[in-house]
Amino acid sequence: MPDAPHEILHDALVRAASAAAGAPVPRVEITPPARPEHGDLATPVALGLAKVAKRPPRQIADEVVAALRGDPAVAELVDGAEVAGPGFINLRMSPAWYARIVSGVVAAGAGHGRGGAQRPEAVLVEFVSVNPTGPPHVGHARQAALGDSIARILAFAGHRVTREYYVNDYGRQMELFGESVAARYAQLLGEDARVPEDGYRGDYVSDVAAILHVEVGERYAGRAGRLDADGRGFFARRGGELMLDAIFAELEAFRVHFDVVSHETPLHVSGDVERRLDELTAAGHTYVDEGALWFRSSAFGDEKDRVLRRANGVTTYLAADVAYHLDKAERMGDRMIDILGADHHGYIGRLKAVLAASDHDPDRLEVLIVQLVSLLEDGEARRMSKRAGTLVTLGELVRDIGVDAARFFLVERSSDTTMDLDIGLAREQSQENPVYYVQYAHARCCALQRKAAEAGVDVAASVATPGDVGGDERALVARLAEWPAVAAEAAARRAPHRVVAYLKDLSREFHAFYHRSQVVDAPPAERAFRLGIVAATRAVIGTGLDLIAVEAPERM
RNA sequence: GCGCCCGUAGCUCAGCCGGAUAGAGCGGCGGACUUCUAAUCCGCGGGUCGCAGGUUCGAAUCCUGCCGGGCGCGCCA
């Protein structure tokens, strides 16, 4: 939109600042001031220019203001401009400015703020990736909420996003899981069998065993305790499949879908892992020490070297990750984002080293570390252990407080802050949860539109210029205008919590506006203006909630 | 010991690629429903931005050191 009011203002300020500085000024920062008495918009441009021009900031500001006042392009938009403090330029905007901002947002609707990425990329986001040996717990719930929200925010910004889940369905942990399932299966048949010492003991293991019992009847009767390779393989493989089905079912209920599911096993079976190790060796990035094959990752910034194949010939977890990440690097476009729990942060160095050693730019890989969720139950720490089966699962959390509250809560805080989640409190305070505050604002917008329609007012009529614009309206419209910057920033920083913070701010300003301004019964010009504000607010809240996969109800 | 994250109001946290008098929610106290949804609003109280230096017109924000908390530091995954 070439005549977008912000651009007109910005260009005018650039002209004025360039004239005052006597040199081209490429761009000018325009922000809403912290205090309303400082006007509607402000710019510190003179402060920055003072350094280069070697003149007092206030003097420069005076010249900028004079130039701005004489600029016909902004005469209709700016009601007043003055210099304040150390050299800030404070602007008071006109009703026409506000009407144009609002009508711009209304016209854009759900597209307002879309496409803010400076350089669109193909991005592969890998997240959750929990082993199919048990259900996702609360920590995974945070990663799921964050990963999915980041994917949505990146897509909104204009990136081409792929969501991927990597299944570690290979190795010792899967064998243990298979043995655990086999033991429960045997117990179902009345046989004397025990779950291995370091096996999995959660109730879900029995659930899997029960399904297997239905599927295969008594085929493995009498030998579940001492299975041959075929039998062990069956319980691990089929048990893992069922577990994975359950995991994806819980994630779907949590509104998280994946475009690609990659498995570890094929990487081994196809020889991919061995081939990658050979390539690293051929390139001189490995060595043998005490019978083990080492990756010289410290040559690529890692803290120390890592074992790829143990002395006993078995490859490590990292070996599979070499194959997996190189595969991703080759099949994907521009960027890979791995979302990992804080207990995996030591992995960053070696993963980047894998890429660097294979002539990939390690900066293509971003590892986002999500700090842990500590669970409390009525103020007391609740220890979790997957093997003991004492964890709180994503499914239990959702059943407890609902998808909307859980998703909102889990992305409300920055991913690099540890989070205390008191289950008892979350349950009791569900009515106090800020998610309802935001949803209520959306529902109120819808109610106003219904009311207006009932009164015979054309809700879709064009936005009119009001005689005057009140303080609540100025704050609210400024907030609506800020949305594209917030959405772009949230994408660039992979920070969904910025969307949440924005939605809470926007909702607060809307509620205040609602209480102090009549909409349906206002005079025609004000009514059309305010209905525009309502439509714009509804659209932006709806968009923002969608980016964190929280519903935007029309009634509450 | 080394690495990453955190330390801001009683509690939970925003703000952090430098800008005006540091914000919100919750909790506390006091108000507002004959009027478009009170899951709401308005008002009051609440701070050595962990500590100490440094950088500069200006630091919660950048740099250094220290203190406190979390998580890592396997031929586990």
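Note on naming: letters A, B, ... go to the chains in the order of the sequence lines (proteins, then strands), and numbering restarts at 1 for each one.
Using a cut-off of 4.0 Å between Lys/Arg side-chain N and Asp/Glu carboxylate O, Asp321(A) and Lys328(A) are scored as not salt-bridged. Salt-bridge formation is detected for the pair Arg309(A)/Glu274(A): a Lys NZ or Arg NE/NH1/NH2 atom is positioned less than 4.0 Å from an Asp or Glu carboxylate oxygen. Taking a cutoff of 4.0 Å between a charged side-chain nitrogen and a carboxylate oxygen, Arg232(A) and Glu175(A) do not qualify as a salt bridge. Classification of Glu473(A) and Arg530(A) as a salt-bridged pair holds, one side-chain N sitting under 4.0 Å from a carboxylate O.
Judged by distance alone, with hydrogens and angles left aside, Tyr514(A) brings no side-chain donor or acceptor close enough to the base of U37(B) to form a pair under 3.5 Å.
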Output field dot_bracket for RNA chain B (Watson-Crick or G-U, both distances under 3.5 Å, | for other-strand pairs) contains (((((((..((((.....[...)))).(((((.......))))).....(((((..]....))))))))))))....

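As rounded to the nearest Å, A24(B) and A14(B) have C1' atoms that lie 7 Å from one another. Taking atom C1' in both C29(B) and G45(B), the straight-line distance is 8 Å, to the nearest Å. Separating the C1' atom of G43(B) from that of C6(B) is a span of 35 Å, rounded to the nearest Å. Straight-line distance between the C1' atoms of A22(B) and G18(B): roughly 14 Å, to the nearest whole Å. Going from the C1' atom of G69(B) to that of U55(B) covers 29 Å, rounded to whole Å. Comparing the C1' positions of C63(B) and C16(B) gives a spacing of 14 Å, expressed to the nearest Å. Annotation: G46(B) and G3(B) have their C1' atoms spaced 38 Å apart (nearest Å). Atom name P, nucleotides C17(B) and G54(B): the rounded distance is 23 Å, in whole Å.
Remark: Ala501(A) engages no residue in a side chain to side chain contact (heavy atoms under 4.5 Å, CB included) (not counting sequence neighbours). For Tyr170(A), the side chain to side chain contact (heavy atoms under 4.5 Å, CB included) partners are Glu264(A), Thr265(A), His268(A), not counting sequence neighbours. When the salt bridge (Lys or Arg N to Asp or Glu O under 4.0 Å) test is applied to Arg58(A), no partner is found at least two apart in sequence or on another chain.
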Give each protein N/O atom lying under 3.5 Å from an N/O atom of nucleotides 32-35 of chain B, with the pair distance.
none

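Dashed line: the shortest gap from a side-chain N or O of Arg450(A) to OP1 or OP2 of U37(B) is not under 4.0 Å. The side chain of Arg527(A) places no N or O atom within less than 4.0 Å of a non-bridging phosphate oxygen (OP1 or OP2) of C36(B). Taking only side-chain nitrogens and oxygens, Arg172(A) never comes nearer than 4.0 Å to OP1 or OP2 of G74(B).
His344(A) comes within contact range of at least one nucleobase, with a heavy-atom separation under 4.0 Å. Residue Glu412(A) is out of contact with every strand shown, counting any heavy-atom pair closer than 4.0 Å. Counting non-hydrogen atoms under 4.0 angstrom, Asp321(A) reaches nothing in the nucleic acid. Residue contacts shown for Ala441(A) are absent, as no nucleic acid heavy atom lies under 4.0 Å away. Across all strands, Asp343(A) comes closer than 4.0 Å only to sugar-phosphate atoms, never to a base (heavy-atom distances). Contacts of Arg516(A) with the nucleic acid, taken as non-hydrogen atoms under 4.0 Å apart, involve only primed sugar atoms and P, OP1 or OP2. Ala342(A) comes within 4.0 angstrom of sugar-phosphate atoms only, judged by non-hydrogen atoms across all strands, and of no base. Among the heavy atoms of the strands lying under 4.0 Å from Ala292(A) is at least one base atom, whether or not backbone atoms are also near. Within the nucleic acid shown, Leu448(A) comes within 4.0 Å of at least one base atom, counting heavy atoms only.
Lys352(A) contributes a side-chain N or O that, together with a main-chain N or O of Leu365(A), makes up a donor-acceptor pair within less than 3.5 Å. The backbone N or O of His137(A) lies less than 3.5 Å from a partner atom in the side chain of His140(A), making a donor-acceptor pair.
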Within the 4.0 Å limit for protein heavy atoms, which parts of nucleotides 16-25 of chain B are touched? Write it as a string from 5' to 3', B for base, S for sugar-phosphate only, - for none. SB-BBB--SS

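When Leu397(A), Thr393(A), Val130(A) are each tested for a side-chain contact (heavy atoms from CB on, under 4.5 Å) with Pro136(A), only one passes: Val130(A).
Taking the six-membered ring where the residue is Trp, Tyr287(A) and Trp294(A) present parallel rings, their angle staying beneath 30° rather than reaching 60°.
Around CD of Glu37(A), the count of heavy atoms belonging to other residues, nucleotides or ligands within 6.0 Å exceeds 12.
For the pair Met556(A) CE and C36(B) C1', the interatomic distance rounds to 17 Å; values are reported in whole Å. Between the CZ atom of Phe513(A) and the P atom of C42(B) there is a distance of 14 Å, rounded to whole Å. In this structure, Ile348(A) atom CD1 and G3(B) atom C1' are separated by 10 Å, rounded to whole Å. Look at CD on Gln371(A): it is 11 Å from P on A14(B), rounded to the nearest Å. Between Leu340(A) atom CG and C4(B) atom P there is a gap of 17 Å when expressed in whole angstrom units. Distance Arg413(A) CZ to G70(B) C1': 16 Å, rounded to the nearest Å. Note: CZ (Arg555(A)) to C1' (C36(B)) measures 14 Å, nearest angstrom. Here C4(B) presents its C1' atom at 12 Å from CG of Leu372(A), a figure rounded to the nearest Å.
Where Ser415(A) and Val519(A) each meet RNA chain B at their nearest nucleotide, the meeting point lying more 5' is that of Ser415(A). Sequence order on RNA chain B of the closest nucleotides to Asp472(A) and Glu303(A) puts Glu303(A) first from the 5' end.
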Trace of the ring pair (Phe, Tyr, Trp, His ring centres under 6.0 Å) decision for His285(A) with Phe300(A): CA-CA 10 Å; His285(A) 299 317; Phe300(A) 301 96; 4.9 Å; yes

Verify salt bridge (charged side-chain N to carboxylate O under 4.0 Å, His left out) between Glu454(A) and Arg450(A), making sure each step is shown before the conclusion. CA-CA 6 Å; Glu454(A) 283 167 20; Arg450(A) 281 194 301 270; 5.6 Å; no

Quick one: do Tyr166(A) and His263(A) satisfy ring pair (Phe, Tyr, Trp, His ring centres under 6.0 Å)? Show the steps, please. CA-CA 6 Å; Tyr166(A) 176 57; His263(A) 292 261; 8.9 Å; no

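The side chain of Tyr440(A) lies closest to U40(B) when the candidates are C36(B), U40(B), A77(B). Among the nucleotides C42(B), C36(B), A77(B), the one closest to any side-chain atom of Asn131(A) is A77(B).
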